[in-house]
Amino acid sequence: MKRNIVIAVVTAAALVGGGTATALAVSGDDDDASTPVTRTDDDRDDRDDRSDDGGGDSDDGDRAAAPGDVTAADAIAAALKHTPGTAVSAELDDGSWEIDVLGKGDTWHSVRIDPGTGKVLGSSKDDEDDAAEVRAALKGTSVTAEQAAKAAAAKGTVVSVDLDDDGDDRGWEAETRASGGDGQDWSVGLTTASVTADRDDD
């Protein structure tokens, strides 16, 4: 006796990595065993594996560094509270303040400060051979890097302060940025904290 039976079986959807597997079995006129046909849709697997929090490329490193609420003077004070010594430079670089602190002997410390919160992000230690020169340049002076930063802040937003210990024109060098992004270099006296335009700026 000839039978014509069509059986459609839909297997319960099995989720495998976000894809759905569906099995369809069909039997025809013959009494042969039916052959299942399976189709798997898993195109979304790769997309689902990506995290929205950290999967994308950040362009923070390409952006020009911009100061937050923490000023250069604030960053220097925070660095010295974490690592006692003499602050010799402060620079806003790669999204954080980097403060160079001369400690005991020839030991230098580089302290990174968050420009938004003032928290210490990290620090490292190194031995350099110019410690004696820096101490000699600062001998008899009364204006610290923090005070120089505060003095230069009257000219704009300070993005760096550095000790110039070369020759007779020793002093603090400060760079400020205007609201439009234009930079200006200044010289700050080591004893008077007087701020003058840096004429050597090319």
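- Annotation: side chain of Leu121 is not in contact with side chain of Ile113 (no heavy-atom distance under 4.5 Å).
- Contact of the Val70 side chain with the Asp114 side chain is not registered, since no non-hydrogen atoms from C-beta on lie closer than 4.5 Å.
- Taking every heavy atom of both residues into account, Leu102 and Ala131 meet most closely at CD1-CB, 3.8 Å.
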### Task
Test Ile76 against Trp97 for side chain to side chain contact (heavy atoms under 4.5 Å, CB included), laying out the working first.
CA-CA 9 Å; Ile76 293 170; Trp97 283 106; over 6 Å; no
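- For the pair Lys155/Val195, a side-chain contact is recorded, criterion being any heavy-atom separation below 4.5 Å from C-beta on.
- Ion pairing of Glu133 with Arg135 is absent here, as no side-chain N (NZ or NE/NH1/NH2) approaches a carboxylate O to less than 4.0 Å.
- Interatomic distance, Asp165 CG to Asp130 CG, rounded to the nearest 0.5 Å: 7.5 Å.
- Put simply, the side chain of Leu163 reaches to within 4.5 Å of the side chain of Leu138, judged on heavy atoms.
- Scanning all heavy atoms of the two residues, the minimum distance from Ala145 to Val161 falls at O-CG1, 4.1 Å.
- With a 4.5 Å cut-off on side-chain heavy atoms, Asp162 and Glu91 do not count as touching.
- Taken to the nearest 0.5 Å, the OG1 atom of Thr196 stands 11.5 Å off from the CG atom of Asp185.
- Under the 4.5 Å side-chain criterion, counting only non-hydrogen atoms from C-beta, Ile99 is not in contact with Ser110.
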### Query
Passes side-chain hydrogen bond (donor to acceptor under 3.5 Å, both in side chains), Trp172 versus Ser187? Steps please.
CA-CA 6 Å; Trp172 293 107; Ser187 293; over 6 Å; no
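- Distance check, rounded to the nearest 0.5 Å: CG of Asp182 to CZ of Arg177 gives 9.5 Å.
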### Query
Going through the checks in order, is the side chain to side chain contact (heavy atoms under 4.5 Å, CB included) test met by Glu98 and Val111?
CA-CA 6 Å; Glu98 188 169 319; Val111 185; over 6 Å; no
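- The shortest heavy-atom contact between Ala87 and Leu80 is N-CD2, 3.9 Å.
- Contact detail for Ala197 and Gln184: the closest heavy-atom pair is CB-NE2, 4.3 Å.
- Side-chain contact, Trp186 with Thr176: a donor N or O sits under 3.5 Å from an acceptor N or O.
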### Query
Between Thr86 and Val101, is a side chain to side chain contact (heavy atoms under 4.5 Å, CB included) present by the stated rule, with each step listed?
CA-CA 5 Å; Thr86 302; Val101 178; 5.8 Å; no
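- Looking at Arg170, its side chain does come within 3.5 Å of a backbone N or O of Ala137 through a donor-acceptor pair.
- When every heavy atom of Val188 is checked against every heavy atom of Ala152, the shortest pair comes out as CG2-CB, 4.4 Å.
- Looking only at side-chain heavy atoms (C-beta outward), His109 and Asp100 stay at 4.5 Å or farther from each other.
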### Message
If you apply the rule side chain to side chain contact (heavy atoms under 4.5 Å, CB included), what do you find for Arg112 with Ser96, and how did you get there?
### Response
CA-CA 6 Å; Arg112 291 185 300 111; Ser96 65; 4.1 Å; yes
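- In plain terms, the two heavy atoms of Ala149 and Ala73 that are nearest each other are CB-N, 3.9 Å.
- The closest donor-acceptor contact from the side chain of Thr117 to the backbone of Lys119 lies under 3.5 Å.
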